Amino acid sequence: MTQSRRHLELLAPARNADYGIAAINHGADAVYIGGPAFGARAKAENSVEDIARLVKHAHRYHAEVFVAFNTIFHDNELETARQTAWQLYDAGVDALIVQDMGLLQMDIPPIQLHASTQTDIRTVDKAVFLDQVGFTQIVLAREMDLNTIRQVAAATQCNLEFFIHGALCVAFSGQCYISHAHTGRSANRGECSQECRLPYTLEDSQGRILAKDKHLLSMKDNDQSANLRALVDAGVSAFKIEGRYKDLAYVKNATAHYRQLLDEILEDTPGYYRASSGRPIYSFTPQPEKTFNRSTTEYFVHGRGEDVGAFDTPKFSGEEIGRVTKVGKDYFEVETSLELHNGDGVCFFDVHKELVGMRINTVQDNRLYPNEMPQDIRRNMKVYRNRDQAFMRLLEKDSAVRKIAVELVLQETYDGFSLTVSDEDGFMAHAQCQAEKQPAQHQEKAEASLRENLGKLGNTDFAATAISLQLSQPWFVPASTINQLRREVMEQLEATRLIGYQRPQPGTPVEPPAQYPQDTLSYLSNVYNKQARAFYEKHGVKAIAAAYEANEELGDVPVMITKHCLRYSFAMCPKEAKGVIGVQGTITAEPMTLISGKDRISLKFDCKRCEMHVMGKVRKNVLQMPPPQPVQFFAKRPA
């Protein structure tokens, strides 16, 4: 069914169908997964058949499956994109997550469309427009603060989705072109080369080195655990975990963590509802700090505060163990209060400030014997654990089972017995059988046996929360009779739930067509094909530049626009220095330079908007690359 803002949806990533099934089992109300093409994570593609398998599992719990369909399309790809959309619809997918507005001009199936984070929704006007053209859910920019979210909620009807956990792109989503400019691999086409995670040297306008070989465009990871209630109050109803490239342990751990937090909110906040059926039972205690993160930040939810950069390393260093107290030939000792295990992953920053990792073969009290003794480890160095072997072993097993609550009522009929079951969503099933009624010789034992056999729901999706025996007197009923009756009624309930599942309905654009907030579009609007151009013209845009990937923007322009500001990170922000005697006059918005090898990348600062612009232009080798060619990976669906 179509969810409202009163249904709180936990949305988990799925690298593949098996990861998606695990996410559902661990409490996700919906999962998002890449299709066979056109997803913004090109290395996380999946066949339509695998997605159909995931859909079948998700719909058992009335959970939903969204497909990331969020690249921009070249003209050569439009027909394949249309066919793919129909294939995914036929597979039962509930929604497509979209960046390219050209799709809305095409013959696509009646499926919900969600506006991807790549559509760069930072303003109320942009959100209102996307709401009016038919998007039923929009993914707000990660940089948005609570006050702006409230304004968007007040001005729109669609559901609001917000990233609550995982990696942060340094740039506004959809506004990063540095990868295409340097390598021809476009982030808007799912092929980002992650130049933001490289080490850089930072030079000021006078040539002074402010930082050397630091990962200056690398962000800490997002963690909104403490802000979920505030986000709910602001109007967010879909809570998204990043991570279609992450491993299965991360998906299980993060999903379970946020499932528990959202359930706490649902239990003590009247008027809000679960977005799917069933509750997971875990064999582990979620600890999000145990799986991949670059340390965490609340980002800009409460405005600019703490610095958001993870400059030391883009890798996962993990939890601090303690300091090295002794170094032997094939071991080292640490002072720690943590319980360490054979097989733990341990790391430290060497004398060159590079993260060095190792596996610990044997732990003897505070003495660690690694598989290979590192050369640079020294006394007093801090040591970290980035793999807790005991915790990971728990996640390698089947670590959750999800059960839908049911109530069973056994009654007697004229010639036997009937069993009625109703689930937490109000779905019901009924079965009856003929059976000889024999008074029980041991009444209490007979009743206990009936309850025990009725409650044996085993490997089904259901768990009995109440069993009612509405009998005129205690009867002896053979276990085989009860078991058959129970199996029949539960099979009927499963079938009834599947029939009762309703795929969410697509949105309806307003008429006359909504006017886009601007009448002129630059390369920043990512218009890469004739259908996207027609869409914007339909909505009142007069002048439309081609997407950066068309290689028509040849000058020095912003190839990354970001809320992260290196002037702020290095205490050189004019706004922060305002009123400080002897400081304000010395700080200006002059350019800084990032240096990587022979590359010198200019930084400019828009202090009014509180943005940093990374400048650059398309390299000659990229200009020589051929345009994308038509792709065809399945038989054509009839037009």
Side-chain angles (χ1 to χ4, degrees), residues 1 17-18 20-22 24-28 52-63 65 92 274 276-283 397-502:
M1 66 177 185
D18 290 334
I21 289 170
I24 296 295
N25 292 344
H26 284 72
R53 177 166 63 90
L54 171 58
V55 166
K56 184 177 180 181
H57 183 81
H59 287 179
R60 284 161 49 182
Y61 299 97
H62 289 199
V65 175
R274 296 172 61 84
S276 62
S277 309
R279 291 179 179 270
I281 302 168
Y282 305 112
S283 61
K397 303 173 183 177
D398 290 335
S399 48
V401 59
R402 183 167 176 168
K403 296 291 184 179
I404 300 167
V406 295
E407 297 182 359
L408 298 102
V409 179
L410 181 68
Q411 297 173 303
E412 57 187 271
T413 63
Y414 174 76
D415 58 354
F417 299 92
S418 70
L419 182 61
T420 302
V421 61
S422 58
D423 70 15
E424 60 189 55
D425 299 315
F427 289 97
M428 300 181 68
H430 179 82
Q432 61 185 46
C433 67
Q434 293 181 339
E436 180 183 355
K437 297 175 183 173
Q438 302 178 34
Q441 295 182 357
H442 303 285
Q443 296 183 4
E444 291 184 3
K445 185 177 180 180
E447 181 175 328
S449 177
L450 284 174
R451 291 183 181 278
E452 180 183 358
N453 289 323
L454 287 170
K456 288 181 177 178
L457 301 182
N459 293 326
T460 69
D461 297 334
F462 307 99
T465 56
I467 298 174
S468 176
L469 305 179
Q470 298 181 5
L471 308 173
S472 61
Q473 69 176 79
W475 301 104
F476 167 75
V477 186
S480 59
T481 300
I482 292 297
N483 291 344
Q484 178 59 37
L485 194 60
R486 186 196 66 239
R487 283 193 292 267
E488 183 178 340
V489 77
M490 298 314 296
E491 288 173 0
Q492 284 188 29
L493 181 62
E494 284 187 2
T496 299
R497 285 184 58 83
L498 287 175
I499 293 171
Y501 179 78
Q502 298 179 8

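None of these values were measured; they are calculated from a predicted model. Keep in mind that the numbers below use all heavy atoms, side chains included, and drop hydrogens, waters and symmetry copies. The first residue of the sequence shown is numbered 1, and numbering continues consecutively from there.
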Practice task
Would you indicate whether the side-chain heavy atoms of L493 and I404 approach each other to under 4.5 Å?
Solution key: no
Exercise for the section: Taking all heavy atoms of A479 and all of N453, pick out the closest pair and write down the distance. Expected result: CB-ND2, 3.6 Å
Exercise for the section: Measure the shortest side-chain to side-chain distance between L419 and E488 over non-hydrogen atoms and say whether it is less than 4.5 angstrom. Expected result: no
Practice task
Could you list the residues that satisfy side chain to side chain donor-acceptor pair (under 3.5 Å) with Q441, not counting sequence neighbours?
Solution key: none
Problem - Side chain to side chain, V421 and R486, heavy atoms closer than 4.5 Å - result: no
Exercise for the section: Quick one: closest heavy-atom pair of S283 and D398, and the distance? Expected result: OG-O, 3.9 Å
Problem - Ionic contact status for R451 with E447, cut-off 4.0 Å - result: yes
Practice task
Drop me the distance from R279's CZ to Y61's OH, to the nearest 0.5 angstrom.
Solution key: 14.5 Å
Handout entry: Minimal non-hydrogen separation, A28 against S276, with atom names
Key = O-OG, 4.1 Å
Practice task
To the nearest 0.5 angstrom, please state how far the CH2 atom of W475 sits from the OG1 atom of T481.
Solution key: 14.5 Å
Per-pair distances, 0.1 Å, donor-acceptor, side chain in residues 423-433, under 3.5 Å, sequence neighbours excluded:
| unit_1 | atom_1 | unit_2 | atom_2 | d |
| --- | --- | --- | --- | --- |
| D423 | OD1 | D425 | N | 2.8 |
| D423 | OD1 | G426 | N | 3.0 |
| D423 | OD1 | F427 | N | 2.9 |
| D423 | OD2 | R497 | NH1 | 2.6 |
| E424 | OE1 | A405 | N | 2.9 |
| E424 | OE2 | G278 | N | 2.8 |
| D425 | OD2 | S277 | OG | 2.4 |
| D425 | OD2 | R497 | NH1 | 2.8 |
| D425 | OD2 | R497 | NH2 | 3.4 |
| H430 | ND1 | T420 | OG1 | 2.8 |

Problem - Straight-line distance of L454 CG to K456 NZ, nearest 0.5 Å - result: 10.5 Å
Problem - Shortest non-hydrogen contact from N25 toward R402 - result: O-CB, 3.7 Å
Exercise for the section: Determine whether L485 and L410 make a side-chain contact, defined as any pair of heavy atoms from C-beta on separated by less than 4.5 Å. Expected result: yes
Handout entry: K403 side-chain N/O to T460 backbone N/O, donor-acceptor pair under 3.5 Å
Key = yes
Practice task
Return each pair, listed once, that meets salt bridge (Lys or Arg N to Asp or Glu O under 4.0 Å) where at least one residue sits in residues 432-444; pairs must be two or more places apart or across chains.
Solution key: E412-K437
Handout entry: Separation of S468 OG from E407 CD (nearest 0.5 Å)
Key = 9.0 Å
Completion exercise
Value for CG (L54) from CD1 (I24), rounded to nearest 0.5 Å, stands at 6.5 Å
Handout entry: Residue Q438 excluded, over 12 heavy atoms near CD under 6.0 Å
Key = yes
Problem - Closest heavy-atom pair and its distance - L471, Q411 - result: CD2-C, 4.0 Å
Practice task
Find out whether D461 and M490 are in side-chain contact, i.e. whether some heavy atom of one side chain is under 4.5 Å from a heavy atom of the other.
Solution key: no
Exercise for the section: First locate atom OH of Y501, then atom CZ of R60, and finally report the distance between them rounded to the nearest 0.5 Å. Expected result: 14.5 Å
Fill in the blank from the handout: Note: D18 and R53 closest approach over all heavy atoms is OD1-NH1, 3.0 Å
